[in-house]
Amino acid sequence: TGTSRPQRMLKAVQKNATKGDPQSVISAIDYYCRHKEWAMNVGDDKGLILDSVLMEVNPSTVLELGTYCGYSTVRIARLMSPGSKLITVEFNPAFAEVARQIIAYAGLQDKVTLVEGSSGDLIPKMKERFGIKYFDFVFLDHWKDSYAPDTKLLEDCGLLKKGTVLLADNVICPGAPEYLKYVRNSPRYESRYYKSNLEYTKAEDGLEKSVFLG
Ligand SMILES: O=C(NC/C=C/[C@H]1OC[C@H](O)[C@@H]1O)c1cc([N+](=O)[O-])cc(O)c1O
Ligand SMILES: [Mg+2]
């Protein structure tokens, strides 16, 4: 067994990006995944939508579910104001290890707390462990069938406030049908779909933005 795909991605960052320059880390990963080896980062097309929704919200507290190698963690943290905090949850220790190094290479480790474990276990501990009252912005990019149960868990744990924005990746491909049904039919959310394409491909995918109404 040689290196893993995440390890090869990290090597590409260390080779082609400039330490402390988040944009160069993003570009190095996008180049590698478009021309060398596909990987499940939100990518550059959907990334522009993520950037614009994030800047519109200008959140003080962010939760990311599904860190993978930290590509969207870097995309989000690079746009966050001084003093704001991003908590990112990753179940897979090998992914988490690579993500820590990519986040540090971008120089964003002070804004980011990477927590290893399952979202279902960790969400109920957010208040006590990290002193979080509410999240202003949640990026869902982990297991697609966890989107709906974890959203309900965030509501039940009082972690959403009026105006909190949920942004979900992959609602078309691989798809999150149960989640779409939930946020689009619930009177507690105002939802809209941003059409785009699956990272580094021509297939359709998109992001669903859902504002919690309280
Ligand atoms: O499964 C996807 N994401 C969930 C990731 C799941 C893994 O990362 C979180 C958890 O540790 C698990 O091991 C995914 C899959 C595709 N895809 O095209 O298959 C595209 C994407 O953007 C995706 O986020
Ligand atoms: Mg995704």
Side-chain angles (χ1 to χ4, degrees), residues 1 3-10 25-26 29-54 62-78 86-103 112-123 125-126 137-151 153-154 165-180 182-183 191 193-210:
T1 62
T3 58
S4 69
R5 183 176 315 207
Q7 285 167 330
R8 293 192 291 274
M9 202 186 306
L10 172 58
V25 169
I26 291 164
I29 293 173
D30 284 331
Y31 185 88
Y32 183 76
C33 295
R34 189 175 284 281
H35 300 291
K36 302 279 191 283
E37 193 175 18
W38 186 92
M40 59 180 174
N41 315 119
V42 72
D44 39 1
D45 299 326
K46 288 183 286 180
L48 288 173
I49 301 167
L50 169 59
D51 290 356
S52 68
V53 174
L54 199 278
V62 175
L63 174 65
E64 175 179 61
L65 300 175
T67 317
Y68 186 42
C69 294
Y71 174 89
S72 48
T73 321
V74 168
R75 272 207 95 104
I76 293 168
R78 88 192 199 284
L86 193 170
I87 297 178
T88 183
V89 174
E90 177 50 56
F91 178 77
N92 181 315
F95 294 171
E97 181 45 36
V98 166
R100 281 189 210 292
Q101 295 174 74
I102 287 179
I103 292 159
V112 177
T113 304
L114 196 162
V115 199
E116 281 182 49
S118 106
S119 49
D121 298 343
L122 289 165
I123 286 170
K125 297 183 176 125
M126 284 296 157
F137 186 90
V138 181
F139 183 54
L140 298 97
D141 194 20
H142 58 333
W143 281 303
K144 306 317 159 193
D145 52 9
S146 296
Y147 286 15
D150 284 351
T151 297
L153 190 54
L154 284 163
V165 170
L166 306 187
L167 192 63
D169 189 23
N170 309 118
V171 294
I172 301 301
C173 176
E178 191 206 342
Y179 176 76
L180 282 186
Y182 180 65
V183 289
S191 250
Y193 173 62
Y194 291 78
K195 184 172 192 264
S196 184
N197 47 281
L198 181 67
E199 48 267 29
Y200 318 117
T201 78
K202 291 188 171 23
E204 180 180 345
D205 188 23
L207 302 170
E208 185 84 358
K209 175 191 171 188
S210 306

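Note that ligands are numbered from 1 as they come in the structure, with each ligand's atoms numbered from 1 the same way.
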Hey, does the side chain of [X] reach the backbone of [Y] with a donor-acceptor pair shorter than 3.5 angstrom?
{"X": "R78", "Y": "R75", "value": "yes"}
{"X": "Y71", "Y": "G43", "value": "yes"}
{"X": "R5", "Y": "W38", "value": "yes"}

Next on the checklist: Residue by residue, ordered by chain and number, which ones reach under 4.0 Å of ligand 1 with a heavy atom?
Outcome noted: W38, M40, E90, F91, N92, F95, D141, H142, W143, K144, D169, N170, P174, L198, E199
Next on the checklist: Is it true that E37 and Y32 share a donor-acceptor pair across their side chains at a distance under 3.5 Å?
Outcome noted: yes
Checklist entry - Do F139 and L54 have side chains that get closer than 4.5 Å, going by heavy atoms? => result no
Item to check | Y200 OH: over 12 foreign heavy atoms closer than 6.0 Å | outcome: yes
Item to check | Heavy-atom closest contact (V53 atom, K209 atom, distance) | outcome: CG1-CD, 4.2 Å
Checklist entry - So, for C173 and D205, which heavy atoms are closest and what is the spacing to 0.1 Å? => result N-OD1, 3.0 Å
Next on the checklist: Can you classify the ring geometry of Y147 versus H142 as parallel (below 30°), tilted (30 to 60°) or perpendicular (above 60°)?
Outcome noted: parallel
Next on the checklist: Inside 2.8 Å of the Mg ion (ligand 2) but strictly below it, how many protein N/O/S atoms are present?
Outcome noted: 3
